[in-house]
Amino acid sequence: MLCVKPRIGGAVSKVSLRSASRCLLKVLVYLVNELEPIKIELLSTMYVIITKLSVVDKKLPVKARLQGALPVTVKVMLLPSVNVKLLLPLVKVLRIFAASSVNVAELGRSGAVVALVQLIQGMGRKHPTLQQISLEVLMMLLKSKKNLRRAVAAGIPKALLDFFLDWQGQDSRSKHIKEQNCLLTMLKQFSVNKPGRRALVEAGVVPRLYAACQRMSAARAELMPTASVVLRKCLPCNRLPLHGTETSIYTFSLPVIEHDPDCCCYATGEDVDEESSKQSQGLLAQPDLTVDVAQTCRLSCDMLDSSSTEEFFPELHDFPSVTLVTDISGLCGQVKGASLNGSSGAHSESAFVANAAEATAGCDATGAATAGSCGSNNVQDGKEDQGSSAEPGSTEGWCRELPAPSADYCDEALRSYHSAYLACASRTASVGRWNTVPYPDLCPVWTAPIQYEHLSQNTDDVKRRKLLEDISRTVHPASVMDKLVYSLDDVAEHTASARRSNSLTNTDEFQTDGEYPPSADHLLFNSQFESGNLRMAIQVRPYEYDLVLGSDINSNRHLQWFYFSVSQMEAAAPYRFNIVNCEKSNSQFNFGMQPVLFSVREAALSRVGWVRAGTDICYYKNHFTHMPTSGSGCQTKLHYTATFTLTFPHPGDVCYVAYHYPYTYSLLQTHLQQWEAVASRADVYFRRQVLCRTLAGNDTHVVTITESSQEICPADSRKYVMLSGRVHPGESNASWMMKGTIDYLLSPQAAPIRQMYIFKIVPMLNPDGVINGNHRCSLTGEDLNRKWSNPCPVLHPTVYHTKQLARFMVASGKPPLVFCDYHGHSRKKNVFLFGCSGRDSWRDEDAINCADDKSYLSLPVLLHQRAPSFNLGDCSFSIEDNKETTARVVMWREMGISRSYTMESTYCGCDQGLYQGYHVGVRELEEMGAKLCEVLEQLPHALGTNDHLLSKTLNILDSEDTLSEEDGASGDELSSVGSDVTERTADMDRQEASTSTQ
């Protein structure tokens with residue numbers, strides 16, 4: 001054997017060496033168990049040979065276990081006469097043996113964990129190589145849960161913590177970072193195990209390790225991530241500082257409907273736990289806000305007949321050439337006795353509309369969105385306009401040109417706008433109470449930022465620093481103020497018996513003028529206005545506040561949307577805000593996103609509206625627990641913290657802070673009036689009707705837009721396009737895209753598109769959720785985008801009636817050419833589409849029936865070419881089991897609409913194209929809505945004529961394994977496909993022009 005040592009793998013064959021390893025292990029076991037005294041030098045040589053044999057014999061760990069060499073090796077390590085010369089090859093062999101998970105358990109039973117700890121403690125820092133290998137082996141052994149329990153029983157967690165702190169204090173030159181990293185990794189392994197975490201807490205890991213982190217130099221920065229994880233895991237878990245449960249303080253009494261086997265309506269109220277129901281009884285006893293549920297049920301369950309259905313298709317009467325023969329009995333199959341409209345007929349609102357048109361006659365010049373306003377960003381077809389050479393973000397050529405009318409005209413127009421807006425707001429029904437309107441809604445001209453805004457540059461160091469600041473609260477509790485400065489629970493209880501004032505006002509400008517002197521030594525918060533969401537604010541330090549969001553009504557979940565105002569701030573002081581009860585495991589706050597800020601004083605001085613703001617932004621898991629409702633069966637989970645620092649430029653200002661650019665229901669109602677006035681002046685066919693009423697009694701409108709003139713294209717030859725949005729209240733970016741769509745459709749540039757299509761638009765599918773500051777649900781506490789397959793006309797009226805509109809079009813023989821539901825996406829960048837491809841469906845029959853249909857690719861390919869913020873590489877066309885009840889899939893499967901999409905817009909920004917590295921703002925969102933309409937002009941030419949190009953696109957998309965932010969289809973390849981489609985369409989246009997000339 002000794003002669004083999006220097007020539008291992010050379011002259012001797014590998015087969016012989018593999019056989020020799022078994023013999024060598026047998027000899028090793030014999031020497032240790034039978035031979036006395038044990039020859040240390042001989043064992044050392046044998047371990048060296050075994051180490052070299054492991055290079056050739058990959059099954060050596062298994063052979064060692066079968067031959068009984070594992071306990072023998074541990075026995076040798078515990079010998080009193082052992083020395084470094086033997087220990088070094090021995091721990092190398094242990095490292096080889098521990099590569100097998102079965103061997104790890106065997107070594108643990110043999111006492112290897114305790115033996116290694118004793119070895120590490122005994123040798124100190126005299127032999128760094130031996131020390132490092134021993135730590136690596138111990139780290140491998142602690143991957144076993146049973147070994148972790150044995151180590152905890154032996155008191156090893158405290159020993160390793162002491163050893164790390166001692167080494168960290170003595171290693172002044174940072175030469176042993178690897179050894180310290182191994183020790184921290186083992187502490188991390190203990191921290192994820194409940195007994196290990198308890199042992200670390202008893203050893204005082206939080207204050208001791210926190211102090212060590214405070215002393216760490218820049219050279220040891222790589223230790224901080226693991227140390228911060230250990231600290232976070234070992235922090236005591238606390239409940240949120242709420243007076244009651246985490247369920248929303250407001251609840252809404254739902255109608256209880258007797259079960260009917262032929263009706264999708266069902267008894268409700270089971271999802272609201274008993275405790276929250278009792279707690280909210282006082283809040284619901286508000287006579288002026290009580291909704292007549294019985295009347296709502298009667299209005300929503302009227303018999304569906306031909307006349308009531310056709311009221312939502314006014315073009316049938318206004319264009320005599322349009323004739324639809326519909327078998328109305330087919331529309332009644334889903335729900336018996338259900339009415340399309342929420343009343344006895346469509347609401348004309350003629351008097352109100354006339355007043356609105358008169359009040360808003362001059363509003364467009366003051367910045368209330370005019371038709372075609374989305375073209376002001378100097379971007380056409382993904383390229384800059386001629387004469388503009390500036391890049392996004394630069395001042396020259398990219399600043400928005402603000403209108404400069406006379407002061408008198410501007411003031412008069414704003415007063416007219418305010419009058420129209422306040423009239424709409426006063427008619428808005430909400431579950432909560434307020435007597436103020438958000439100031440940003442009163443400044444429509446200043447909604448868009450002045451220039452393009454860069455994404456924030458976030459680093460992992462910010463997250464660790466913020467986490468250490470949070471941990472310091474536990475280590476130094478005396479430094480925490482823990483002062484409750486705002487509680488919606490208390491305010492709601494205080495106003496529960498008060499009547500709601502019919503006069504809505506806003507006094508923010510008076511506060512900024514100094515008429516409200518400082519009355520407290522902290523910021524003043526408020527969220528009692530439309531779409532507001534902030535439940536509680538706690539001052540923890542002079543310039544730091546913990547914020548608790550309110551959950552969706554009749555729910556204890558869906559915590560993401562926030563919208564509140566702050567006042568009485570100091571100038572140039574960094575205020576840190578921590579939203580401590582977020583739910584999602586990750587956020588774009590970690591990838592460059594900033595919240596939005598609106599300063600009342602800045603708006604008055606320089607006409608600057610919503611802007612991205614905030615520094616030191618990050619998102620991480622905290623130590624506050626989320627308690628599920630009783631009986632839900634869900635495990636207790638930890639919340640996440642979204643933290644950002646804001647510096648306010650003006651003292652005593654009033655500022656609004658939001659997750660994204662807010663778009664309220666009252667703002668939509670005002671825009672509907674303005675659009676109606678614009679359409680009447682532009683001779684555009686525009687009809688808005690009340691499709692239904694929500695559970696709270698708010699009107700849900702459906703809008704019809706097409707070209708009034710029939711000279712070029714008769715109305716009966718126009719195809720339908722159906723658009724909807726804002727089914728999720730927190731996705732305000734969907735409303736801004738919808739606004740861009742309608743603005744463009746009313747512009748002169750859209751005349752060719754209006755001549756081709758009749759647009760049926762439901763701008764806001766969830767008004768109640770938007771009004772009450774929900775993030776995802778309606779007043780039932782349910783996600784309406786999971787109710788499309790079987791909606792209830794009473795509980796889900798907006799979804800039910802919108803679906804009935806589509807049914808009517810399909811039954812009439814004119815199904816929508818395109819259906820698109822506008823959404824927002826919180827975890828991805830860019831704008832993209834989710835479509836429906838049978839070949840990518842979870843159902844096998846879909847792949848068989850729709851294998852050759854590629855028509856769904858035409859629209860995304862055109863958008864990729866024309867829309868700067870759109871990215872084809874982020875699109876997905878798969879149909880998953882859990883998405884079967886969404887609008888996109890239901891319209892595709894039940895209505896047969898092959899081009900059925902969900903258009904998702906990021907809250908953050910773009911990582912490709914013209915806007916790469918910049919946030920998306922209101923301009924970009926409105927532009928995206930306009931671009932969707934623009935490409936519809938090319939869509940008929942692209943259908944059926946680009947099979948080769950669509951197949952090429954499909955192959956590119958299929959080559960992508962995931963849809964992560966880092967991955968995506970090649971931009972050059974996708975752009976080339978879009979260019980090919982555009983060129984093909986242009987060729988067809990030229991051919992048509994030539995034919996018409998002849």
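Counting heavy atoms from C-beta outward, Asp508 and Ser567 have side chains that stay 4.5 Å or more apart. The side-chain heavy atoms of Tyr822 and Thr741, taken from C-beta on, include a pair separated by under 4.5 Å. Thr643 has its side chain within reach of Arg576: a pair of non-hydrogen atoms, C-beta onward, lies under 4.5 Å apart.
Side-chain rings of Phe525 and Tyr545 approach one another, their centers coming within less than 6.0 Å. Aromatic ring centres of Tyr439 and Phe529: separated by at least 6.0 Å. Ring centroid separation for the pair Tyr907 and Tyr659 comes in under the 6.0 Å cut-off. Annotation: Phe589 is not in aromatic contact with Tyr640 [ring centroid separation under 6.0 Å not met].
Of all heavy-atom pairs spanning Ser456 and His919, the tightest one is N-CE1, 4.1 Å. Annotation for Arg726 and Ser735: closest pair NH1-OG, 2.8 Å, computed over non-hydrogen atoms. For the residue pair Thr647 and Pro574, the shortest heavy atom distance occurs at OG1-CA, 3.8 Å. Minimum interatomic distance between Asp552 and Arg776 (heavy atoms only, all atoms of both residues): OD2-N, 2.9 Å. Nearest heavy atoms, Leu695 versus Val794: CD2-O, 3.1 Å. Across all non-hydrogen atoms, the minimal contact from Asp482 to Ile538 is OD1-CG2, 3.5 Å.
Of the residues Leu547, Val548, Val566, the one that meets the side chain to side chain contact (heavy atoms under 4.5 Å, CB included) test with Leu534 is Leu547. Considering Asn581, Thr641, Asn578 in turn, Asn578 is the only one that fulfils the side-chain hydrogen bond (donor to acceptor under 3.5 Å, both in side chains) rule with Asp546.
No side-chain donor-acceptor contact under 3.5 Å links Gln674 and Tyr417. Judged by distance alone, the side chains of Thr798 and Thr700 never bring a donor and an acceptor atom under 3.5 Å apart. Side-chain contact check for Asn533 and Ser527: no donor-acceptor pair (N or O, by modelled atom type) lies under 3.5 Å. The closest side-chain donor-acceptor pair between Asp653 and Ser599 falls under 3.5 angstrom. At a cut-off of 3.5 Å, with distance as the only test, a side-chain donor of Ser778 or Thr780 sits close to an acceptor on the other residue. With no hydrogens or angles considered, a side-chain donor-acceptor pair links Tyr421 and Asp441 at under 3.5 Å. Looking only at atom types and distance, the side chain of Asn774 has no donor-acceptor partner in the side chain of Asn772 under 3.5 Å away.
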Practice problem: Given side-chain contact (heavy atoms from CB on, under 4.5 Å), test Thr428 with Gln669 step by step and report yes or no. | Solution: CA-CA 10 Å; Thr428 298; Gln669 298 302 100; 5.6 Å; no
Practice problem: Step by step, work out the side-chain contact (heavy atoms from CB on, under 4.5 Å) result for Gln528 and Asn435. | Solution: CA-CA 8 Å; Gln528 286 191 286; Asn435 57 8; over 6 Å; no
Self-check item: Worked verdict on Gln560 versus Ser826 for side-chain contact (heavy atoms from CB on, under 4.5 Å)
Solution: CA-CA 9 Å; Gln560 179 172 308; Ser826 65; 3.5 Å; yes
Quiz prompt | Test side-chain hydrogen bond (donor to acceptor under 3.5 Å, both in side chains) applied to Asn733 and His825, step by step | solution = CA-CA 9 Å; Asn733 41 6; His825 203 286; over 6 Å; no
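Thr664 places a side-chain N or O within 3.5 Å of a backbone atom of Leu667 that can act as its donor or acceptor partner. The backbone N or O of Gly614 lies less than 3.5 Å from a partner atom in the side chain of Gln594, making a donor-acceptor pair. Side chain of Asn766 to backbone of Cys777: a donor-acceptor contact under 3.5 angstrom is found. The backbone N or O of Met481 lies less than 3.5 Å from no partner atom in the side chain of Gln539, so there is not a single donor-acceptor pair. A donor-acceptor contact shorter than 3.5 Å links the side chain of Glu924 to the backbone of Gly921. Without hydrogens or angle criteria, Glu926 side chain to Trp736 main chain gives no donor-acceptor distance under 3.5 Å. Using a distance-only test at 3.5 Å, with no hydrogens or angles considered, no donor-acceptor pair links the side chain of Asp616 to the main chain of Thr645. The closest donor-acceptor contact from the side chain of Arg612 to the backbone of Val920 lies under 3.5 Å. Side chain of Ser426 to backbone of Ala423: a donor-acceptor contact under 3.5 angstrom is found. With hydrogens and angles disregarded, a donor-acceptor distance shorter than 3.5 Å links the side chain of Trp561 to the backbone of Ser531.
Shown here are the salt bridge (Lys or Arg N to Asp or Glu O under 4.0 Å) partners of Lys483, two or more places apart in sequence or in another chain: Asp521.
Taking OG from Ser565 and CZ from Phe598, the interatomic distance works out to 12.0 Å, rounded to the nearest 0.5 Å. A distance of 8.5 Å separates CH2 in Trp675 from CD1 in Ile761, rounded to the nearest 0.5 Å. Rounded to the nearest 0.5 Å, atoms CD (Glu602) and CZ (Phe648) are 13.0 Å apart. Of the inter-residue distances, the one linking Asp783 atom CG with His796 atom NE2 reads 10.0 Å to the nearest 0.5 angstrom. Rounding to the nearest 0.5 Å gives a distance of 9.5 Å between CZ of Phe644 and CE of Met593. For the atom pair Met536 CE and Asp489 CG, the distance stands at 5.0 Å (nearest 0.5 Å).
Taking the six-membered ring where tryptophan is involved, the planes of Tyr563 and Tyr656 are tilted, since the angle between them lies from 30° to 60°.
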